[in-house]
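All chains are named by letter (A, B, ...) in the order of the sequence lines, taking the proteins before the strands, and each is independently numbered beginning at 1. Please read these numbers as outputs of a predicted model, since none were measured by experiment.
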Number of protein chains: 2
Amino acid sequence: MRIGEVAEKAGVSVRALRYYEEQELLQACRSSGGHRQYCETAVSRVRLIQQLYAAGLPSRVVRQVLPCVDAGEAHPALLGQLEAERVRIDERITELLAVRDRLDDVIALTRDPNADCSHLE
Amino acid sequence: MRIGEVAEKAGVSVRALRYYEEQELLQACRSSGGHRQYCETAVSRVRLIQQLYAAGLPSRVVRQVLPCVDAGEAHPALLGQLEAERVRIDERITELLAVRDRLDDVIALTRDPNADCSHLE
DNA sequence: TTAAAAGCTGACGTCAGCGTGAGTTGCAAG
DNA sequence: CTTGCAACTCACGCTGACGTCAGCTTTTAA
């Protein structure tokens, strides 16, 4: 596949794909003319990268995590970092749930002034 | 309270508090010499601001949302935006849960090669 | 009273994840 | 062959939430 097709299927920009390669997150071989050639798994790989970004991981961490997801295992040193990231993600989830509840209260109160407001303050 | 005390209690930098004031997220009256004076509620307000930032809201949205949380209600126009933000937060939570499960699988496999790997690929 | 600590106001620096030209080349269709 | 889109490589720009340094003033502890 060529870069434009991967970009469209994965829902990201061409620029983003070049950036991922620069960050060593996504490999591509080259045609004789220097054009990038992606294999079929590239699309799901890009989706995974996006997911990890969405989880707040910076690219240097993504770069370390990706091979582990591929291999299904991690070096002991990395394992600690993975667990730390897991904790951070868990904290993010907890925060997001709290904020969501708070937003829900505001929305509910706006619609019905007698609604329960257990999460406010 | 003075700015240093608020910063310490809320666990943010002094610079951040000045930035919040600049963004009109946090008010402070001034002493005769020009030093900021915060009321007691400032600390929890800062925590709320941090929470909203953590939810991915940019400061212009936080600026709109804060009075609604205070009042427990929102203007109709804003209500739509709040609901949109709620949806976005919900999506983030779903993504984070997926990534967490994936990380869990890698961690589990690393510790025990026979573990279940239902979330990988 | 005086020195240290804490605050003040600019204003520039940073970092990540791309966006956005500019100028050049590859490649498939007519 | 040539046309025209798609890709290529620099390389600078942008945005947001602060960090940080400079130079000066206020407050507080000794």
Side-chain angles (χ1 to χ4, degrees), chain A residues 1-39 42-43 45-66 85 88-89 92 95-96 99, chain B residues 1-39 42-43 45-66 85 88-89 92 95-96 99:
Chain A
M1 292 172 88
R2 294 164 65 185
I3 195 170
E5 193 178 345
V6 176
E8 189 179 10
K9 284 187 179 171
V12 303
S13 70
V14 166
R15 177 68 175 96
L17 295 181
R18 296 204 186 103
Y19 178 73
Y20 297 162
E21 182 177 318
E22 187 185 320
Q23 297 299 308
E24 300 174 40
L25 306 179
L26 181 65
Q27 289 92 340
C29 44
R30 301 301 183 107
S31 77
S32 58
H35 286 194
R36 290 169 180 83
Q37 280 293 334
Y38 294 90
C39 55
V43 174
R45 155 111 348 182
V46 170
R47 294 218 179 90
L48 173 56
I49 293 172
Q50 291 274 91
Q51 241 188 356
L52 293 172
Y53 275 142
L57 307 191
S59 33
R60 36 170 291 275
V61 176
V62 175
R63 179 162 46 239
Q64 295 176 320
V65 169
L66 279 178
E85 290 299 342
R88 286 192 39 216
I89 291 175
R92 291 284 307 256
E95 283 178 345
L96 288 177
V99 174
Chain B
M1 293 171 86
R2 294 165 64 187
I3 195 170
E5 193 178 347
V6 175
E8 189 178 9
K9 285 186 178 171
V12 302
S13 70
V14 166
R15 176 68 175 97
L17 295 182
R18 296 203 186 102
Y19 177 74
Y20 297 162
E21 183 177 316
E22 187 184 319
Q23 297 297 310
E24 300 174 39
L25 306 179
L26 181 66
Q27 290 92 340
C29 44
R30 300 300 183 109
S31 76
S32 57
H35 285 194
R36 290 171 179 81
Q37 281 293 334
Y38 295 90
C39 55
V43 175
R45 154 113 345 185
V46 170
R47 294 218 180 91
L48 174 55
I49 293 172
Q50 291 275 91
Q51 241 187 357
L52 293 172
Y53 275 143
L57 307 190
S59 35
R60 36 170 291 276
V61 175
V62 174
R63 179 162 48 242
Q64 295 175 319
V65 168
L66 280 178
E85 290 299 342
R88 284 193 41 216
I89 291 174
R92 292 287 304 258
E95 283 178 344
L96 288 178
V99 173

For [N] and [X] - does any side-chain N or O of the residue sit under 4.0 Å from the phosphate oxygens OP1/OP2?
{"X": "A:Ser59", "N": "C:dG17", "answer": "yes"}
{"X": "B:Tyr19", "N": "D:dC18", "answer": "no"}
{"X": "A:Tyr20", "N": "C:dG17", "answer": "no"}
{"X": "A:Arg36", "N": "D:dA7", "answer": "no"}

Rounded distance (Å) that lies between atom [atom2] of [N] and atom [atom1] of [X]:
{"X": "A:Gln37", "N": "C:dC27", "atom1": "CD", "atom2": "C1'", "answer": "12 Å"}
{"X": "B:Arg60", "N": "D:dG16", "atom1": "CZ", "atom2": "P", "answer": "9 Å"}
{"X": "B:Glu21", "N": "D:dC18", "atom1": "CD", "atom2": "P", "answer": "15 Å"}
{"X": "B:Leu57", "N": "D:dG16", "atom1": "CG", "atom2": "P", "answer": "13 Å"}
{"X": "A:Leu17", "N": "C:dG17", "atom1": "CG", "atom2": "C1'", "answer": "13 Å"}
{"X": "B:Arg63", "N": "D:dA17", "atom1": "CZ", "atom2": "P", "answer": "10 Å"}
{"X": "A:Leu52", "N": "C:dC18", "atom1": "CG", "atom2": "P", "answer": "13 Å"}
{"X": "B:Glu22", "N": "C:dG7", "atom1": "CD", "atom2": "C1'", "answer": "16 Å"}

Base, sugar-phosphate, or nothing for B:Arg30, non-hydrogen atoms under 4.0 angstrom?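 Sugar-phosphate: the residue B:Arg30, judged by heavy atoms under 4.0 Å, touches backbone atoms but no base.
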Is B:Arg63 reaching over with its side chain to a backbone N or O of B:Gln23, donor-acceptor style, under 3.5 angstrom? yes
Out of the candidates A:Leu17, A:Leu26, A:Ile3, only one should pair with A:Arg36 under the side chain to side chain contact (heavy atoms under 4.5 Å, CB included) rule; please name it.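 Per the side chain to side chain contact (heavy atoms under 4.5 Å, CB included) rule, the option paired with A:Arg36 is A:Ile3, out of A:Leu17, A:Leu26, A:Ile3.
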Would you indicate which nucleotide in [options] comes nearest to any side-chain atom of [X]?
{"X": "A:Ser31", "options": "C:dC27, C:dT9, C:dC18", "result": "C:dC27"}
{"X": "A:Ser13", "options": "D:dT27, C:dC18, D:dT9", "result": "C:dC18"}
{"X": "A:Tyr53", "options": "C:dC18, C:dT9, C:dC27", "result": "C:dC18"}

If you define the side chain from C-beta out and look only at heavy atoms, does anything of [X] sit under 4.5 Å from [Y]?
{"X": "A:His35", "Y": "A:Arg30", "answer": "no"}
{"X": "B:Val61", "Y": "B:Leu52", "answer": "no"}
{"X": "B:Val46", "Y": "B:Tyr38", "answer": "no"}

Compute the bend angle of the helix from C:dT1-D:dA30 to C:dG30-D:dC1 from the end axes (five pairs per end), rounded to 10°. 10°
Decide, yes or no, whether a salt bridge links A:Arg18 with A:Glu21 under the criterion of side-chain N to carboxylate O below 4.0 Å. no
For a quick check, tell me whether the side chain of A:Arg15 and the base of C:dT20 share a donor-acceptor pair closer than 3.5 Å. yes
Most 5' of B:Gln50 and B:Gly34 on DNA chain D, judged by nearest nucleotide: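 Closer to the 5' end of DNA chain D: B:Gln50.
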Compute whether any side-chain donor of one residue and acceptor of the other, for A:Gln50 and A:Tyr20, lie under 3.5 angstrom apart.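 Checked: A:Gln50/A:Tyr20 side chains pair up, N/O donor to acceptor below 3.5 Å.
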Residue whose nearest DNA chain C nucleotide is more 5′ - B:Ile3 or A:Arg2: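 Per heavy-atom nearest nucleotide, the more 5' residue is B:Ile3.
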If you draw a 6.0 Å radius around CD in B:Glu8, do more than 12 non-hydrogen atoms from other residues or ligands fall strictly inside? no
